[in-house]
Q: 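Mind having a look at this structure? Questions to follow.
Sequence lines set the chain letters: A, B, ... in the order given, protein chains first and strands last, and positions in each chain run from 1. Predicted model, so just to flag it, every value in this text is computed and none were measured.
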Protein chains: 2
Amino acid sequence: MKRKSVTSRDVARLAGVSQSAVSRSFSPTAKVSEKTRKKVMEAARELGYRPNTIARSLITRSSRTIAVVTYSLENPFYSFVLEKASRFFQEQGYHLLLFFAPPGRDFDAVIDDIIKSQVEGVLMLAITIDSSQAKAVADFDIPVVIINRTVNHAGISQVGSDNYRGGYWAASHLATLGLSRIAFLAGLVDSSTSGQRQEGFFDGLEEHGLTCHAMDVGNYRYDDACFATRRLFSAHVVPDGIFAANDLMAIAAMEIIRHEFNLSVPDDVSVIGFDDMPMAAWPSHSLTTLRQPVDEMIMKATELLLAQIHGSQTEPQYIKLPVAPMVRRSTRRPARRSPPGPVA
Amino acid sequence: MKRKSVTSRDVARLAGVSQSAVSRSFSPTAKVSEKTRKKVMEAARELGYRPNTIARSLITRSSRTIAVVTYSLENPFYSFVLEKASRFFQEQGYHLLLFFAPPGRDFDAVIDDIIKSQVEGVLMLAITIDSSQAKAVADFDIPVVIINRTVNHAGISQVGSDNYRGGYWAASHLATLGLSRIAFLAGLVDSSTSGQRQEGFFDGLEEHGLTCHAMDVGNYRYDDACFATRRLFSAHVVPDGIFAANDLMAIAAMEIIRHEFNLSVPDDVSVIGFDDMPMAAWPSHSLTTLRQPVDEMIMKATELLLAQIHGSQTEPQYIKLPVAPMVRRSTRRPARRSPPGPVA
DNA sequence: ATGAAAGCGCTAACAA
DNA sequence: TTGTTAGCGCTTTCAT
């Protein structure tokens, strides 16, 4: 049945019905007699007919397509989010258009591309956009939900977790361990997440009468985090605690600390990450980290986007979910306190 | 300029030109006077006009869209491939439609979906399809390239690496190390890759007068590989060498061997993987593995798909690239041979 | 170089 | 229930 393009007209002709009868037969809600539908389906099968989704989209002005935008999949946290969210939308009958943010900051072209492609919604994964870009999309009435990044321009729904409190907890935990040379390994410098985690971290240190001993930037990437760690540990006085703005960088730091500087984690250096990606729990790493409720984030984000598409939710939402500390073996045991019994 | 839908007619009216002039102005190849184009662009900007890609696709019958199909992104190897290939197509001006294979074997619905969406090509990542499914797509003259899986039905281009020789090398290497209880950790049982690696592995063992000591299945997944490893090491006689059909499973095996059975890799057990994903080189794992030339695979696959789309390459290609052994520290040093000098 | 007109393949009124 | 008709927004002849 190899034919270049079988249209509903061809099917109609073969089935001896009108072209609109064919259209109706392929619409689940339309009312067609069983007899007609059967004839149509038979003819369709014989010709190998498939309704042309593009033509349908043009007239219904609904593409049933959602754009997902991400900047990289190096971090397994985001490939996980991508897969989960995609499967969700796929189950809901949506198609997924995937966009990668280009290396530079030239994001406008992608925004333009997204608008032209007539998607019904946009899901952004950790994409930092500025307010003019946000406005460009909003002006086209395309619902947008952004995961794990906040943008100052209102009008865009955001789902994230409590980065500030996460950073604060990290500082408190390291301080309570009795450490004093605590360093921060930052993510992408212009990302809201890294900024908020840092802020909470600094405030937490201050609360314990400490200041940040050193700081470097790993751009949320493995390689960059390795370089940053080498710099931190080439200093005259090396850190005894590190808070990295995500797990990937935390693991990179541990690799370097252990295998290049021959120091022990956690005996010489305690390390804390952020995300709790699956790998963080692998025994080799056993990384103490802040768990982002990723399933809940995905659920909220996808449902929110769908609600906005269906018009049942017009106000943008700003959802901040709590993070949960996962204490594992990359941080040392707390300093000995007075025992519970009578003092010795 | 928030308007629900600005069409080329609206722009034409404002610019005082015909609708076709607008269309031409947005087509790089069309011949329009500079004056007209300027007027049009001005009006377009003022109204916030964006050409409707869907309408364009309908008439040009070219969607400039490619479908990428994958079954999971748990394995970083595939998120890497996905990202690289996507960026390539994006740079070539194509859109990417992302499909995940459903959990069960019900792949027909996805195939149907892909055909209906009028994509110009399909890139399958490690997707096992049967010949009827392959035929369904081929009948619609949609070019397909499969990465890392072979399908028996001809007519579909395939890009992979030499799984058989990889398996053979793994067996030889372990045998040369003087090991004798060598086990195989299989991937997805119905995948061609796992089968071919196993075949080469078994033949390699036989060549050295060995047989496979034990075998289990890890489905290419981390968790399943952990379970499989536990079973292998709960046996009366435990393996002293393992060849896993991919890196992810090999690393899982090492985690279990080291941290649950307190054995040493490589002193007690040597482990070999397949893929050489970036993580394999991390010092903690330092996994001996077979490197798949992933960049080359992506390049070949994307170029091949493009060539088929443009009609310059009609015959399906079957490309098998060589793999390269990467010897790291998860396999022990070779057994001492007679020294190069005079025998002691 | 420009405008008028004819569709691309489909859905959705409207009649019958 | 069915067929007829009118577009969806665009590209592309064909005259001018």
Q: Heavy atoms only, 4.0 Å cut-off, all strands: where does A:S33 land among base, sugar-phosphate and nothing?
A: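 Contact class for A:S33: sugar-phosphate only.
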
Q: If you measure only the distance, is there a donor-acceptor pair under 3.5 Å linking the side chains of B:Q158 and B:T150?
A: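 Distance-only check fails for B:Q158 and B:T150.
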
Q: Tell me what A:S23 touches on the nucleic acid: a base, only sugar-phosphate, or nothing, going by heavy atoms under 4.0 Å.
A: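 Touches a base.
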
Q: Under 4.0 Å, counting only non-hydrogen atoms across every strand here, what does B:F26 touch: a base, just sugar-phosphate, or nothing?
A: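 Nothing, no heavy atom under 4.0 Å.
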
Q: Starting from the 5' end of DNA chain D, give me the residue, A:R37 or A:R9, whose nearest nucleotide shows up first.
A: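 It is A:R37 whose nearest nucleotide is closer to the 5' end.
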
Q: Out of D:dG9, D:dT11, C:dA1, which nucleotide sits closest to the side chain of B:T7?
A: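 So the nucleotide nearest the side chain must be D:dG9.
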
Q: Look at the side chain of A:S20 and decide which nucleotide, out of C:dG3, D:dG3, D:dC10, has an atom nearest to it.
A: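 Selected nucleotide: D:dG3.
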
Q: Starting at NZ of A:K38 and ending at P of D:dT2, how long is that distance when rounded to a whole Å?
A: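 Nearest whole value for this atom pair: 13 Å.
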
Q: Please classify the nucleic acid contact of B:S27 as base, sugar-phosphate, or nothing, using heavy-atom distances under 4.0 Å.
A: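 Nothing, no nucleic acid heavy atom in range.
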
Q: Output, in order, the C-alpha distance, side-chain angles, deciding distance and verdict of salt bridge (Lys or Arg N to Asp or Glu O under 4.0 Å) for B:R221 and B:E74.
A: CA-CA 7 Å; B:R221 303 195 56 240; B:E74 194 207 352; 3.3 Å; yes

Q: Quick one: does A:R24 reach the base of D:dG3 with a side-chain donor-acceptor pair under 3.5 Å?
A: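 Donor-acceptor pair under 3.5 Å: yes.
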
Q: What does A:V17 touch in the nucleic acid at a heavy-atom separation under 4.0 angstrom: a base, only the sugar-phosphate, or nothing?
A: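 If one applies the 4.0 Å heavy-atom cut-off, A:V17 turns out to touch the sugar-phosphate alone, with no base involved.
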
Q: Indicate, yes or no, whether a donor-acceptor pair under 3.5 Å links the base of C:dA12 to the side chain of A:T60.
A: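 When only heavy-atom distances are counted, A:T60 does not reach the base of C:dA12 through any donor-acceptor pair under 3.5 Å.
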
Q: Begin with the C-alpha distance, continue with both residues' side-chain angles, and end with the deciding distance and a verdict on salt bridge (Lys or Arg N to Asp or Glu O under 4.0 Å) for B:R87 and B:E83.
A: CA-CA 6 Å; B:R87 286 188 186 277; B:E83 176 165 355; 3.2 Å; yes

Q: Whole-Å distance between C:dG9 C1' and A:L47 CG?
A: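 Rounding to the nearest Å, CG of A:L47 and C1' of C:dG9 are 15 Å apart.
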
Q: Mapping B:S18 and B:R61 onto DNA chain C by nearest heavy atom, which one lands closer to the 5' end?
A: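 It is B:S18, whose closest nucleotide lies nearer the 5' terminus.
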
Q: Round to a whole Å and report the spacing from CD1 of B:I59 to P of C:dG9.
A: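 The answer, rounded to whole Å, is 10 Å.
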
Q: In whole angstroms, how far is the P atom of D:dG7 from the CG atom of A:L58?
A: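 Rounded to the whole Å, the gap is 14 Å.
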
Q: Heavy atoms only, 4.0 Å cut-off, all strands: where does B:V32 land among base, sugar-phosphate and nothing?
A: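 If one applies the 4.0 Å heavy-atom cut-off, B:V32 turns out to touch the sugar-phosphate alone, with no base involved.
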
Q: To the nearest angstrom, how far is A:R13 atom CZ from C:dG9 atom P?
A: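 The distance from CZ of A:R13 to P of C:dG9 comes to 12 Å, rounded to the nearest Å.
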
Q: State, yes or no, whether a side-chain contact exists between B:V69 and B:L98 at a heavy-atom distance under 4.5 Å.
A: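 SC-SC contact between B:V69 and B:L98 ruled out.
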
Q: How close or far is atom C1' of C:dG9 from atom NZ of B:K116, stated in whole angstroms?
A: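 Interatomic distance, NZ of B:K116 to C1' of C:dG9: 15 Å.
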
Q: What distance do B:R56 atom CZ and B:R61 atom CZ have between them, rounded to the nearest 0.5 Å?
A: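 Answer rounded to 0.5 Å: 16.0 Å.
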
